Amino acid sequence: MNITQDQIAKARDRVPLAFQAPLQVRVRRYALWVCFTGLFCWCLYDFNISPARIWEGLGRFGTVASFMFPPYIWTSWAEFSEILNGLGETLAIAFLGTVLGAVFAFPLSFLGAKNINRLNWLRLSTRRGYDVIRAFETLILALIFIRAFGLGPLAGILAIAVSEIGTFAKLFSEAIENTSNKPVEGVKASGGSRLQQIRYGIAPQVNPVIMSILLYNFESNVRSGTILGIVGAGGIGFLLSDRIAAYKWGEAWSIIFLIIAMVYVIDWLSGIVRQRLIGKTDLAK
Amino acid sequence: AEGWKDDYQVLKFGILSSENEKDRLMRNEPLRGYLEETLGVEVEIFTAGNYDGVIQALSANQIEIARLGSSAYAAAFTATDGGVVPTLTTQKMDGTTGYYSIVVSRCDSGIKNLEDAKGKVHAFADPDSTSGYAVPYFNMVTREGFKPEDYFGTVTFSGSHEAGVTGVVNGTFDTAATYQNNAVDGIFQRMEEKGMIEPGQVCTIWESPEITSGPWTFRKNLPEALIEDVTAAIEEFPTADLEGYKLYSSWTVEDPNPDTGFVRVNAERYNWIVDMRAWIKEQRRSGS
Amino acid sequence: MAATLSLSNVSRVFGDTRAVDQVTLDIAPGQFVGVIGRSGAGKSTMLRLINRLIDPSEGSISFDGSEITTLKGKSLRAWRRDCAMIFQQFNLVDRLDVLTNVLIGRLAEHGFLSSMAMRFTDAERTMALQALDRLDLVPQALQRAGTLSGGQQQRVAIAKALVQQPKIMLADEPIASLDPANATLVMDGLKQINTEDGLTVLVNLHTLDTARAYCDRIIAMRAGRVFFDGTAAQLTDDVVRDIYGTEGLRDFNEAVTSTQRIAVPA
Amino acid sequence: MAATLSLSNVSRVFGDTRAVDQVTLDIAPGQFVGVIGRSGAGKSTMLRLINRLIDPSEGSISFDGSEITTLKGKSLRAWRRDCAMIFQQFNLVDRLDVLTNVLIGRLAEHGFLSSMAMRFTDAERTMALQALDRLDLVPQALQRAGTLSGGQQQRVAIAKALVQQPKIMLADEPIASLDPANATLVMDGLKQINTEDGLTVLVNLHTLDTARAYCDRIIAMRAGRVFFDGTAAQLTDDVVRDIYGTEGLRDFNEAVTSTQRIAVPA
Amino acid sequence: MTATADFNDISPDDSVSALSKFEADFAEQRRRSRLAWAIGTVLFILAFAFTSWIGDFFKVTQVTMPDGSREWRWIIPAGIPRLGEYIEKTIPTLRWDTLGADFANWFWRWKIWMELLFETILIAFMATVFGVIGGFLLSFPASRNLSPNAWVLWITRRYLEIARTVPELVWALIFVFCFSVGPMAGVLAIGLHAAGALGKLYSEVNENIDMRPLEGVKAAGGTWFDQIRYGAVPQVLPNIISYTLLRFEINVRASSIIGYVGAGGLGQEFRTAMSFQEYTDLSALFVIIFVTVMIIDYGSEKLRHRIIHLEENRP
Ligand SMILES: Nc1ncnc2c1ncn2[C@@H]1O[C@H](COP(=O)(O)OP(=O)(O)OP(=O)(O)O)[C@@H](O)[C@H]1O
Ligand SMILES: Nc1ncnc2c1ncn2[C@@H]1O[C@H](COP(=O)(O)OP(=O)(O)OP(=O)(O)O)[C@@H](O)[C@H]1O
Ligand SMILES: [Mg+2]
Ligand SMILES: [Mg+2]
């Protein structure tokens, strides 16, 4: 089947848009690309990102990375227990922070869900409330709690818990809004009250989603928990930043590996919990 | 002097590592054990990488005692309106109790003092560094009588003490601010030892007044006797429990000038640092 | 008339559309009534009005002489229990097991605490099982509803309706998303309930043949109004053409259209 | 034989099941062949073997004398282009427009860069439009494939197959998810291509009637083996009973099964 | 309530076996779910006990009371009245009659802050670009259903895991050492972390796609790249865009804090304000970041809806 110019011309006449997008679309497309590339290049310039600098930095990174091998091993229990304690505190901060955050966020999330709370003003102001909470830096929260409760992991736990209240409430209420209304209607048509509709129609749909949000955030809180130690709110972060500040890269890498290993173990465990509670089925609907 | 122990059955310490001890890591357990035994009260130690939390805890009466860096002490002094007292600082084997901010140049560059450096490229370490930025800047303005931005041709941050020294050796910068503990122990001397730069290339052209090592700091509203007892106990730590002290100060055989103990200090020795911070804060306010 | 469902002059307006328009109907107890009509004719809306999932814009609905449209709170829920509703998409809770889904039919009897804890009495469970048994679903009782086939899910929905011990059963296109074999099972189930238990059944249907085969009485709607009301025999081809309009009717290739599939042994 | 597709002793094993078992067939150019058989008989597997979406466990497939089973890389892709495949679920990219979906049929001719940038020549576009024209789909050319009805989507799939300029067209139950009206259009389209372009067509079918109405030759499979191979006329009721077996045959209520739905004017 | 007349007439004979089997199943299921529940509760309580012990959650210690006396208290109730202390310090005094001046005093560094805010947003932009490029390209080999082979899958997955497991702040500490202070370290740190996080999210999206279009492309003779480009990318694109916009918002937050270790942006100001006890600066910075994040949040939500909307309404 050979196509002649003639045929092309005829086809082009018939469906011109098949050959070329409309002018407006093309202009918009080019404009977008130009803006994007322009901004990008300007950033490169503004941030002074030059190949030479990258090269030099990579050289240093190579040096830093070379301290990974052989891995540093703590020889005395006194040293190692310090690290273990830091890891334990980080874990505690993440776990309790997540649990407490979820406990407070759960009831709040219903206030923010469109299909539950039909009072617009209340719903919208609740949602702004979540935003305010989320805007607090964890470090600032940590300082607030240090003043109230003193130094140590407790301040870290509460800092994470508070910032998680905002995040969880937002995510939970989105999950609630994303549920199908059909089961709710089914319960309603059988004579179920509003609460029963929520309990039987909505809760079974959101529970697995909430569970997986919890597990996911627990894992990521292990990471945020690492930085709190810097202001004295407990955890592995201080130990790590101190090593890096002292250029003890070998030890720093070993700590990083321990953090990675811990996150892995949590990931693995939460995978098991997920399997048990939610089943293998469709999480991402 | 048993009286305070009824009220203070638990003593809380906040510990920071200070700037000129960057490659030392405190191991606090021996100190804690020693203090509990000596004082007969419970001792809790909290560590932090940054002084904000410790200062908040001090000013909120959450901890009693803190081991701070000099500039952290100054910050605490300001934050509590003078509600803290310094009692002890660290002493090294050669008897020194502090370190100095210095400006270095390449020996063969012909820059022998700050006058020569006028109009040249100068690098501070990083804006958070006391010895690599705050001290030299403050002293240049208040003592030497010039504003670095106007005086030097270019003023930049190198990012770290090491990077500043390397930059001087490579010619990227003409002068750089860093610190040393004494003429044989400092950043560039250590770099020479480790073979990172050739010995004899870097010369010191300016030195600041002594920046006294950070003090053990007490809340002023504690009982006098408590302050005295705890200070005395810490002071005796190296003699009473040498093994513990060595562990605490991460003592190594290679270290030519290790920490050997503590000496008493008073608030005066830090006054200029407090002033310096106030001055810098002032500069920030007026400079914008 | 005893236990008669009466609609008089019932209308429901959505914006500009009169989805149900001045409908007046009496449905005697024990009838098997089919409602047919084009898409958008207002069939679903009528059923939802009866169950009070939506409120009428005007007119009144009464059952056994008592007014339905003004019910509130507990008595509204009791009414909803009395007129069970079956949906095209089953509207089950996929993630709960079949038994619990059926027990949802008992919720109207439950207080706050027992329903929040999902606690049901043994008598209720037995009732649910008996209902499931009638629809041949006992072996699936503990499976999650979402894992069942469409036909099974619809039968679960019927079981749920049964445990409500309703007086009327409403079904909104209960077989539209089912294949023929399952459709037969479901329609047979409804018919059986109608004849054995004497329940009134009101069912929306898309397929004329099905309506003809099962219903004592057929009501046709068009643009919100009742357009025909009679027996299957009275529903002549001419009437059908009027109900559905003629536009768009296509003559199929007979060979292809006969989807009498080769029986697929499962 | 010129351009004949030959399977000789082809088997495919999945775990314990022999999905296709020692099949030997010759399909002459220009034939319209229907493959029937119970679910699980191996129909789909056979088509997928021919297109090399899966590899045979043993046996050989050859086309025009050259061996297909050993092809790799570029020549394997060329073979896939030569024997176009149409799927029951259309397998279109819903979110791309119809034209691009059709142009996917040209990908085998394209290098890495031009295909990543979705750049096609004007000649290719014209070709695609011509193919769409044959199937009455030019007005939909710029619509997203996902927004089309099932029948239209299947015709897009045929247009895509056409621009591949294939030598054989394989279709795996192309009308199983279509309503009767659309099914007619799709089968007519395949027949037209078969007669006008002389393309060999090999189509899996579930409905006996359709196979009878369209196919020159009917092949029946049972448990992976070819069980019957002949014309529609030779396919007697007895043979059918053998093919499908009698177990599990259910007699549906005729009224429900006849899904000749009332045409619903859209 | 009785199990009522309606059902009593059903003869149970033929269903005895089914019912008794159900009874057995039901008992078994109950037993199992009770067991699982019990084990789960015990584990949870153990975890709670352990972490609250490590985390000083129920710590009772000597606290200094407001009047200076010392008491043994559980620290949480003891501290709750003091929660406002720090916040109180950060609240500026605004009087009605001198509102203008008070505001000027509160936002006295606004010029520098605006500059830094701009830098912060640029850092987030660059980091998002790098993160999206890295995450997008790697998400395909890292998806179980799309990966060309098991080795590639394993390597890309481990790489993404490491990139996202190490916190941004740690990357920032490392990169500040390598590339010295300034935004470049921030861009790299956040970008690397974002690539890891996005790569995982994207690959989850990829794993949920419909594989049939890919098979369609394959059957037409397409290569692996063609299958991805034509079959997978169009399916995942809306999700990718919406995850990317969400990530941009997260990155704005991250880059506002990462400056804390010298990696550019507003975080630097945060740190200086904290260490100089310029408390009201903190609230000013909070307001700035809050408003910015709100605007970005709002804008990206609008954009996301528009994209989804455009999707639906394409001709
Ligand atoms: N909630 C609603 N909001 C607005 N309009 C509605 C709503 N429900 C129904 N309608 C409109 O009311 C009319 C009747 O709809 P209804 O669903 O009752 O028709 P139907 O006969 O059930 O059709 P189908 O066979 O498609 O289910 C339609 O025009 C529909 O668009
Ligand atoms: N990828 C696979 N893995 C394992 N078994 C398979 C696979 N594909 C097919 N089978 C098995 O091979 C046998 C034949 O399947 P095939 O899909 O070819 O049948 P079919 O005739 O097309 O049936 P249907 O009419 O249901 O499409 C079945 O038993 C099936 O379970
Ligand atoms: Mg309807
Ligand atoms: Mg098949």
Side-chain angles (χ1 to χ4, degrees), chain C residues 81-82 84 95-100 102-103 105-111 114 117-144 155-156 158-169 189 192-199, chain E residues 1-45 48 144-145 201 204-213 215-216 235 239 305 308-309 311-313 315:
Chain C
R81 179 205 52 208
D82 285 345
R95 306 190 51 91
L96 291 180
D97 60 25
V98 166
L99 189 67
T100 314
V102 174
L103 287 167
R106 301 297 313 162
L107 278 184
E109 314 294 323
H110 275 260
S114 66
M118 292 202 171
R119 289 218 170 280
F120 294 92
T121 63
D122 283 348
E124 284 173 324
R125 271 180 226 284
T126 314
M127 208 164 141
L129 278 176
Q130 286 173 341
L132 283 173
D133 196 22
R134 275 179 83 169
L135 294 146
D136 280 334
L137 280 170
V138 175
Q140 282 80 29
L142 296 175
Q143 231 168 298
R144 288 214 330 228
R155 283 183 284 147
V156 173
I158 296 178
K160 168 175 124 181
L162 279 179
V163 301
Q164 288 180 228
Q165 303 185 308
K167 294 173 181 147
I168 304 180
M169 181 94 83
Q192 183 197 355
I193 290 158
N194 171 252
T195 46
E196 288 178 10
D197 307 5
L199 269 179
Chain E
M1 200 194 71
T2 56
T4 78
D6 282 18
F7 296 101
N8 285 344
D9 50 32
I10 302 161
S11 127
D13 300 344
D14 51 340
S15 50
V16 161
S17 62
L19 277 174
S20 59
K21 181 157 180 322
F22 165 82
E23 290 298 343
D25 283 356
F26 186 63
E28 169 67 14
Q29 193 212 35
R30 268 208 169 168
R31 200 182 57 77
R32 246 185 303 144
S33 76
R34 279 196 186 136
L35 190 70
W37 205 81
I39 292 177
T41 317
V42 168
L43 285 182
F44 182 83
I45 289 176
F48 188 85
R144 266 188 212 98
N145 52 343
L201 283 177
E204 269 168 13
V205 174
N206 291 340
E207 283 177 2
N208 283 316
I209 60 170
D210 181 2
M211 289 300 284
R212 286 180 308 213
E215 194 170 46
Q235 289 189 61
N239 272 316
H305 283 175
I308 295 166
H309 190 71
E311 283 300 318
E312 281 160 356
N313 287 4

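Just so we're on the same page: letters track the sequence lines, and every chain starts at 1. No experiment lies behind these values; they were computed from the predicted model shown.
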_Please classify the contact between E/E28 and chain C as side chain, backbone, both or neither, with a heavy-atom cut-off of under 4.5 Å._
neither
_My understanding is that only residues two or more places apart in sequence, or in another chain, count here; which of them pass ring pair (Phe, Tyr, Trp, His ring centres under 6.0 Å) with E/F44?_
A/F95
*State the CG-CZ distance between C/L142 and E/R30, to the nearest 0.5 angstrom.*
10.5 Å
*asked:* Less than 4.5 Å to any heavy atom of chain E: does that hold for the side chain of C/D136, its backbone, both, or neither?
replied: neither
_Do C/V138 and E/K21 make a side-chain contact, defined as non-hydrogen atoms from C-beta onward lying under 4.5 Å apart?_
no
*Considering only heavy atoms, which portion of C/L99 lies under 4.5 Å from any heavy atom of chain E: side chain, backbone, both, or neither?*
side chain
_Pairing residues for C/E196 by the side chain to side chain donor-acceptor pair (under 3.5 Å) criterion, not counting sequence neighbours_ = C/R134, C/Q192
